[in-house]
Amino acid sequence: MESKKVGLAWVELERGYKRKVLTLLLTFQSFVPIMTIADSGALMDNESLCLPCTPEEERRIVKELTDKAESCLKEGNLYYVVSNRWFTKWQKYVGEETGAYQLEELSNDKQASASSKVGERPGPIDNTDIIANEGGHDGNDLQLPRTVVEGEDYVLVPQGVWDKLHGWYKGGPALPRKMISVGTRETYAVEVFPLALTLIDSRDKSEIIIHITKKASLRELHKQVSALKGVESEKIHMWDYFNNVKQAALVCSNQTLEEANLQMDQSILLDVQVDGFIPSGCGMDSTGNELALVPMEPQRSTRTIAGGPSLSNGYATDYGSSLYQGVTLSSIDMEDVHDSVKTGPKRDRGLAGLQNLGNTCFMNSALQCLVHTPPLVDYFLQDYTEEINKQNPLGMHGELAVAFGELLRKLWSSGHTAVPPRAFKGKLARFAPQFSGYNQHDSQELLAFLLDGLHEDLNRVKQKPYFETKDSDGRADEEVANEFWSYHKARNDSIVVDVCQGQYKSTLVCPVCDKISITFDPFILPMPFTVTVSKHGCCKDLFQALYTACCLESDETLILAEVYDHGIYKLLENGDSLHTIKDEEFIVAYRLPKKQSEFPKLEICHRYLENSKAGERKRFLTPLITYLEGAKTGADIEVAVNRVLAPLKRKAFSSTSSSSSSSGQKVNGSASEPMEESTSDSLMEENLKDSEEMSNGELSYFLCITDERGMSCRPLLKNTVIKPNKMVKVALDWTEKEHDLYDANYLKDLPMVNKPGVNVKKTKQESISLFSCLDAFLKEEPLGPDDMWYCPGCKEHRQATKKLDLWRLPDIIVFHLKRFSYSRFLKNKLDTFVNFPIHNLDLSKYVKSEETSASGGSNVYELYAISNHYGGLGGGHYSAYAKLVEEDRWYHFDDAHVTAVSEVSVGESSSHSHSHEEDF
């Protein structure tokens, strides 16, 4: 018993050392009953003690912790950066799929042991291959090279996973990163590269680089600098020192660094108060000279550019500093700007470059094309405040238009001085998080977003009227086209529509009954919607990319599904490997309320009668998914189907709207107008009413419930009992009734992950003309077997032919020459020479409207801007060529550098081996 007392005392003293307690108890078997005395409780297993586990256990633990972390994403969650080289070895050890890239990378790793075998337990975690520095000023500030790519160079793991991996393998060093919210819709992303700021101390001109999250407040920045310099916070005064010029005081407040427009790698200036005042020699300009009479608070001038603040000594604050306070333009300011631009030196107007803020050449290129578009220049230099639409739910409350307008005015009044588009980039990141950060993007995607965003922010229609649409039914094309165009203009009326939108004629012909369907649709610049993720990453990366790209709300979630033969083949989970998704497969994302995510799912497949005699039905269209809350019978299923199909209902428009002009109603919403009827509620009530009137228990749709494989169909009735299951699958048979009620076109044209095919690379000597590209775009082609059209004449799905024509052309037309080709194994940049005219691009032969020709409307265009991409698929650089129409001279805008070029060089340099957009 004496030894037992000693043992108890030892346990109490060493309570924190769980492994030592366990060793003592195993050594002295008689002491087993006192195990509960040690403060270990349920932590006495291998998992919690980080003792070696089997590969299967490690894999299970990591998956469970990852799923748990992904299910409760929120700002502030901690993630750790882990070298992909080490992580791949761990994946192989636990039997997890790694993908071809990682296997090749591992086999070429010179540092790997020659005797390394598949499945061998990796050594300590080694992150040294992804560290860029030695820890900064304090040895703990470890950063990554800006060139590293997630999924190829590193992976991100939740804090719980890191704790386990580090407990099992030790090593490091640890590279923690926090999750932040991005954009106005608060999607989440891990901030792998915190903001790097160069702190310049005005007392001794010393420089220190500090890293801090862009979501930190200026108050937190003051606190960090105060601790770093050992100076009381009250005595610190800091300045935004962008371009080594005092821009604005960084006042201690709750404003975030992102809101203050601080950029990666820029400088901030530190002044320290001595004896109650700031030494006069502490202010420096870019040459080291003193700045006299610099006030701590910028003084407002009576005449400024767009109402922006200016300093009394002539050093203006950042032109967009007022943007975060809302729309603040006034008509007086606008007139001042217009007068100053018109009366300024003619030779200096429009020749300002845009500073590169870190991989923003794509943005600069697109912006230079837009700010040198004559109608847009005239518009934004005038007073456009009355046209700002703050209420448009499809817009950005007018803020994007104001940011672009301020930037354009700055560029047209700055002479040759390059402008840093900091405020515009910040505004862009808020409303389009896909363009945030410092990664390279496609200038065409940005240009499309800007044109669409500017249109919605400046839409003169405050309340959109609706009209009853009619089928062409043999009517003259001119009549139908004008009718569709008037409907479009009644809902969409902006400077962008005025000068940038035209009209397509789309013709579908049934190969059986020769039924012709003609529609007229507006066009601008087509916007492909693409997310880029590592082929060898996991579905978590795809989810995260989609969250950002589609601006997912905080109360929404996504379901990702692999679709095969128009049915759900597999639901994708976070841990699934992306490399298993084949190029020819289809992936669909479903956007649903997050609060319902715990409910069972309902999958709806669509079928049509392929052979009426044999009763054979074939699946078509894109399957749909929704959640089932408390579904017990077929009637509950019907309610869910109603709800899912509601957005597809063909619009029911008020017939009185067509005569609005004669009744004094205005299409811009300034008078009372007919409004759109609620489609979802009215459709559901209508169908449920039909269902209630059926006395035989049948549903308003013909629905069949199927097994997990989509087979073994049996009709679904109102009183059919639904067995509890995680997934309920039904087939909806489309009849003439469904085609009349719903527009199935929304569920067609599902794109492949990558369309397979052999790419034949042309030599540089080969060339094609811009007209050849246009001919190919407008060429008649049959619809694919998976894109069948429901013919209203045959009442059957047919493989119709489709033909696009240009009906009316806008004043400004944008051509996007897609210069990248993809296959399953290759991604190439095409270097085919595209020959295009600079003058007199005559598109008259493509315009099918006789009315346009009869009225003498010109379809001849002059080239005035080009957005170029130099280099290969994985990198390169964007620049722009733009013509100053008044001068009749071309200039090359390469970020901040602007040089005059000859017209001949524009054609030669732009046609060869560059991807570009051309503005005519």
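Within the 4.5 Å cutoff, the side chain of Asp498 has no heavy atoms near those of the Pro375 side chain. Side-chain contact between Leu446 and Met363 is present, with at least one heavy-atom pair separated by less than 4.5 Å. Ile812 is listed as a side-chain neighbour of Tyr864, based on a closest heavy-atom distance under 4.5 Å. Here the side chains of Asp457 and Asn392 are not in contact, with every heavy-atom distance at 4.5 Å or above. Contact check for Leu451 versus Leu370: side-chain heavy atoms found under the 4.5 Å cut-off. Side-chain contact between Phe836 and Leu841 is absent, with no heavy atoms from C-beta onward closer than 4.5 Å. Side-chain contact between Tyr379 and Val499 is absent, with no heavy atoms from C-beta onward closer than 4.5 Å. Annotation: side chain of Asn261 is not in contact with side chain of Asp240 (no heavy-atom distance under 4.5 Å).
Put simply, CG on Leu863 and CZ on Phe815 are 10.5 Å apart, with the number rounded to the nearest 0.5 Å. Asn492 CG to Leu394 CG: the interatomic distance, rounded to the nearest 0.5 Å, is 9.0 Å. Remark: Lys425 NZ to Asn364 CG distance equals 10.5 Å, nearest 0.5 Å. Between Trp239 atom CH2 and Leu269 atom CG the span is 8.5 Å, to the nearest 0.5 Å. Here CZ of Phe424 is found 10.5 Å from CG of Leu408. Values are rounded to the nearest 0.5 Å. How far CG of Leu400 is from CD1 of Ile388: 11.0 Å, rounded to the nearest 0.5 Å.
Contact record, Ala352 with Val898: C-CG2, 4.0 Å, taken as the closest heavy-atom pair. Contact between Phe771 and Leu843 at its shortest, heavy atoms only, is CE2-CD2, 4.3 Å. For Leu454 against Ala401, the heavy-atom pair with the smallest separation is CD2-CA, 3.7 Å. Residue Pro374 comes nearest to Val885 through the heavy atom pair CG-CG2, 3.8 Å, listed as atom of the first residue, atom of the second, then distance. Taking each heavy atom of Leu884 and Gly350 in turn, the nearest pair found is CD1-O, 4.0 Å. A pairwise comparison of heavy atoms in Trp485 and Gly502 identifies CZ3-O, 3.4 Å as the closest pair.
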Stepwise salt bridge (charged side-chain N to carboxylate O under 4.0 Å, His left out) test for Lys390 and Glu399:
CA-CA 8 Å; Lys390 301 179 186 179; Glu399 295 182 43; over 6 Å; no
Worked check of salt bridge (charged side-chain N to carboxylate O under 4.0 Å, His left out) between Asp493 and Arg460
CA-CA 5 Å; Asp493 185 18; Arg460 303 175 185 113; 2.7 Å; yes
Check the pair Thr899 / Tyr891 against side-chain contact (heavy atoms from CB on, under 4.5 Å), numbers first and verdict last.
CA-CA 6 Å; Thr899 54; Tyr891 291 88; over 6 Å; no
side-chain contact (heavy atoms from CB on, under 4.5 Å), that's the test. Do Ile838 and Glu903 meet it? Break it down for me.
CA-CA 8 Å; Ile838 294 179; Glu903 187 176 279; 3.8 Å; yes
Residue pair Leu428, Phe449: steps toward the side-chain contact (heavy atoms from CB on, under 4.5 Å) verdict
CA-CA 10 Å; Leu428 183 68; Phe449 170 81; 3.5 Å; yes
Could you go through Gln391 and His397, starting from their C-alpha distance and side-chain angles, then the distance that decides it, and tell me whether this counts as side-chain contact (heavy atoms from CB on, under 4.5 Å)?
CA-CA 6 Å; Gln391 287 76 40; His397 316 296; over 6 Å; no
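For the pair Lys848 and Trp807, the cation-pi test (distance below 6.0 Å, angle within 45°) is failed.
Aromatic ring orientation, Phe484 versus Tyr487: tilted (interplanar angle from 30° to 60°). The aromatic rings of Tyr504 and Phe777 sit tilted relative to each other, their planes meeting at an angle between 30° and 60°.
The pair Lys845-Asp775 does not count as a salt bridge, with every side-chain nitrogen at least 4.0 angstrom from each carboxylate oxygen. Salt-bridge formation is detected for the pair Glu886/Arg349: a Lys NZ or Arg NE/NH1/NH2 atom is positioned less than 4.0 Å from an Asp or Glu carboxylate oxygen. In summary, Lys883 and Asp888 engage in a salt bridge, as defined by a charged side-chain N under 4.0 Å from a carboxylate O.
Ring pair Phe380/Phe404: centre-to-centre distance below 6.0 Å. Taking the ring centroids of Tyr881 and Phe893, they lie at or beyond the 6.0 Å cut-off. Checked against the 6.0 Å centroid threshold, Phe520 and His488 do not count as a close aromatic pair. For Trp890 and His372, the ring centers are positioned 6.0 Å apart or more.
Between the side chains of Arg808 and Asn859, no donor-acceptor pair of N or O atoms lies under 3.5 Å. Under 3.5 Å, the side chains of Ser867 and Ser365 contain a donor-acceptor pair of N or O atoms. Under 3.5 Å, the side chains of His877 and Asp894 contain a donor-acceptor pair of N or O atoms. Between Arg422 and Gln355, the side chains place no donor N or O within less than 3.5 Å of an acceptor N or O (distance only, hydrogens not considered). At a cut-off of 3.5 Å, with distance as the only test, no side-chain donor of His455 or Gln501 sits close to an acceptor on the other residue. There is a side-chain donor-acceptor pair under 3.5 Å between Ser879 and His892.
The main-chain N or O of Arg491 is found under 3.5 Å from a side-chain atom of Asn459 such that the two form a donor-acceptor pair. No donor-acceptor distance shorter than 3.5 angstrom exists from the side chain of Ser905 to the backbone of Val901, with no hydrogens or angles considered. When atom types are taken as modelled, the side chain of Gln266 and the backbone of Gln263 share a donor-acceptor pair closer than 3.5 angstrom. No donor-acceptor pair closer than 3.5 Å links the side chain of Gln368 to the backbone N or O of Ala882. At distances below 3.5 Å, not a single donor-acceptor pair connects side-chain atoms of Asn868 with backbone N or O atoms of Tyr878. Judged by distance alone, with hydrogens and angles left aside, the side-chain atoms of Thr373 form no donor-acceptor pair with the main-chain N or O of Leu376 at under 3.5 Å.
Scanning for side-chain contact (heavy atoms from CB on, under 4.5 Å) contacts around Leu778 gives Leu774, Lys803, Leu804, Leu806, Tyr846, with sequence neighbours left out. Residues meeting the side-chain hydrogen bond (donor to acceptor under 3.5 Å, both in side chains) test with Asn356, sequence neighbours left out: Thr360, Asp895.
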